[in-house]
Amino acid sequence: MIGDKKVLFSGMQATGSLTLGNYLGALKNWVSLSDEYECFYSVVDMHSITVRQDPAELRKRARALLILYIAAGLDPEKNTIYYQSHVSAHAELAWILNCFTYMGELSRMTQFKDKSAKHGDNINAGLFTYPVLMAADILLYQADVVPVGIDQMQHLELTRDIAMRFNAIYGDVFTIPEAYVGKQGAKIMSLQDPSKKMSKSDENPNASVYLMDDPDTVRRKLKRAVTDSEGAVRYRDEQPGVKNLIDIYSVCTGKLPEEVEREFEGRGYGEFKEAVGEAVVSVLSPLQKRVKELEKEKEYIDTVIRNNAEKAEMTARRTLRKVQKKVGFPERVREREQK
Ligand code: ATP
Ligand code: LTN
């Protein structure tokens, strides 16, 4: 708890351009939860370098992502929005937690298996211990709740295991976090292969709607979305492409899947896809407009970056000190003298 509020932590990587999946599955929920909790939203740039990055590009994308958080509706006066790399406590706690995490646990992580298959020429130790840094992110702020898409559940379970293991040895140091997965939009699928999740690292640009895609591109991508030969707009597992489009439409319009089925009864896929396209455009257009405005407010953004990093640092340091003491690191002389 901070004050009388429970704490929320979440983060996104600044790799690739954000997709509609990232927005509907994560960012949109962040905004709806931001009044209720004391929130920390991080641009997790330290996680990004587990895969080789172009430095200038990473810097640019990290700033664009931070701006997007604000454009999506997260108020930087009320929420702590910051770069992970600006708060060194993340790396320091990650090291300690590495010593409380087993190789076997990390070997079972599906994201590690997927990413090491994809980046066979660079299976580095950071990629392997990625979930430990994620656990440090969450535990540093004593987060009660962590909004993520379904694909991150396994990492969250591991975070809980590490925290419980640590608490069992040293007493109540960490809050045990709960995942928050939205009811709808938790897994938006690829528009070209509805058995795969929509992912910003997909090589096929038609598989994903990017948040900065212009309206015509959005309409075209949805028109080309893979469906089936049933010809009926029904929300069922046997029609994964159509089901995914219904999910997208319902999160964008706030309608329930049953209502969508009724709305499009007896109407063809062409018409349905057109409506989905319009619904997506009407969600993305105001977001893009706000991004463009914020990009011009350089000084304001710089102030947000500075102030919020300081705010994050204060909370993070408090937990880190406690942990360092528990594991037996010597107290700093200055701190002892201040007592
Ligand atoms: P990458 O392709 O580089 O692995 P990604 O698109 O999976 O990236 P992440 O940065 O791993 O995106 O995820 C950011 C957040 O968005 C996470 O909370 C994740 O659960 C959520 N998310 C990612 N893809 C989807 C999706 N298709 N549907 C719903 N949520 C998603
Ligand atoms: N691993 C996450 C990003 C991430 C995160 C976190 C999410 C890093 N640290 C802490 C929630 C809480 C991802 O790839 N989406």
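Just so you know, residue 1 is the first one in the sequence shown, and it goes up from there. Counting starts at 1 for both ligands and their atoms, in listed order.
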Sole candidate of F9, Y37, Y69 that passes ring-ring contact (aromatic ring centres under 6.0 Å, His included) when paired with W30 = Y69
Between [X] and [Y], does at least one N-O distance fall below 4.0 Å, as a salt bridge requires?
X	Y	value
R290	E293	yes
D237	K243	yes
R165	E105	yes
E230	R236	yes
D302	R63	yes
E92	R321	no

note = For M12, the atoms of ligand 1 under 4.0 Å from one of its heavy atoms are 14 (C), 15 (C)
request  = Please could you name the atoms of ligand 1 that G25 approaches to less than 4.0 Å, counting only its heavy atoms?
outcome  = 29 (C), 30 (N)
List ligand 2 atoms under 4.0 Å from [X], heavy atoms only on the residue side.
X	result
V146	11 (C), 12 (C)
I138	10 (C), 12 (C)
V44	8 (C), 9 (N)
Q13	14 (O)

Tell me, which protein residue and heavy-atom name are nearest [atom], and how many Å apart are they?
atom	result
atom 7 (C) of ligand 2	G11 O, 3.4 Å
atom 10 (C) of ligand 2	F9 CE2, 3.4 Å
atom 1 (N) of ligand 2	Y130 OH, 2.6 Å
atom 9 (N) of ligand 2	D137 OD2, 2.7 Å

request  = For ring pair (Phe, Tyr, Trp, His ring centres under 6.0 Å), just list the numbers for Y83 and H90, CA-CA rounded to whole Å, side-chain angles, deciding distance to a tenth of an Å, and then say yes or no.
outcome  = CA-CA 11 Å; Y83 296 126; H90 288 254; over 10 Å; no
key: Contact check, K115 vs ligand 1, heavy-atom distance below 4.0 Å   = yes
ask   = Within less than 4.0 angstrom of ligand 1, does D151 place any heavy atom?
value = yes
Which is closest to [atom] by heavy-atom distance: [options]?
atom	options	result
atom 17 (C) of ligand 1	S48, S201, G149	G149
atom 30 (N) of ligand 1	S17, G21, A26, G11	G21
atom 11 (O) of ligand 1	M198, H155, Q152, K118	Q152
atom 15 (N) of ligand 2	Q84, H90, M12, Q152	Q152

Under-4.0 Å heavy-atom contact with ligand 2, by part of V148 that carries it = side chain
query = Do the two ring centres, one from H155 and one from F112, sit under 6.0 Å apart?
reply = no
query = Say you draw a straight line from OG1 of T319 to CG of L139; how long is it, rounded to the nearest 0.5 Å?
reply = 8.5 Å
key: Distance-only polar pair, side chains of S199 and D202, donor-acceptor under 3.5 Å   = no
ask   = Looking at ligand 1, does any of its N/O atoms fall within less than 3.5 Å of an N/O of K200?
value = yes
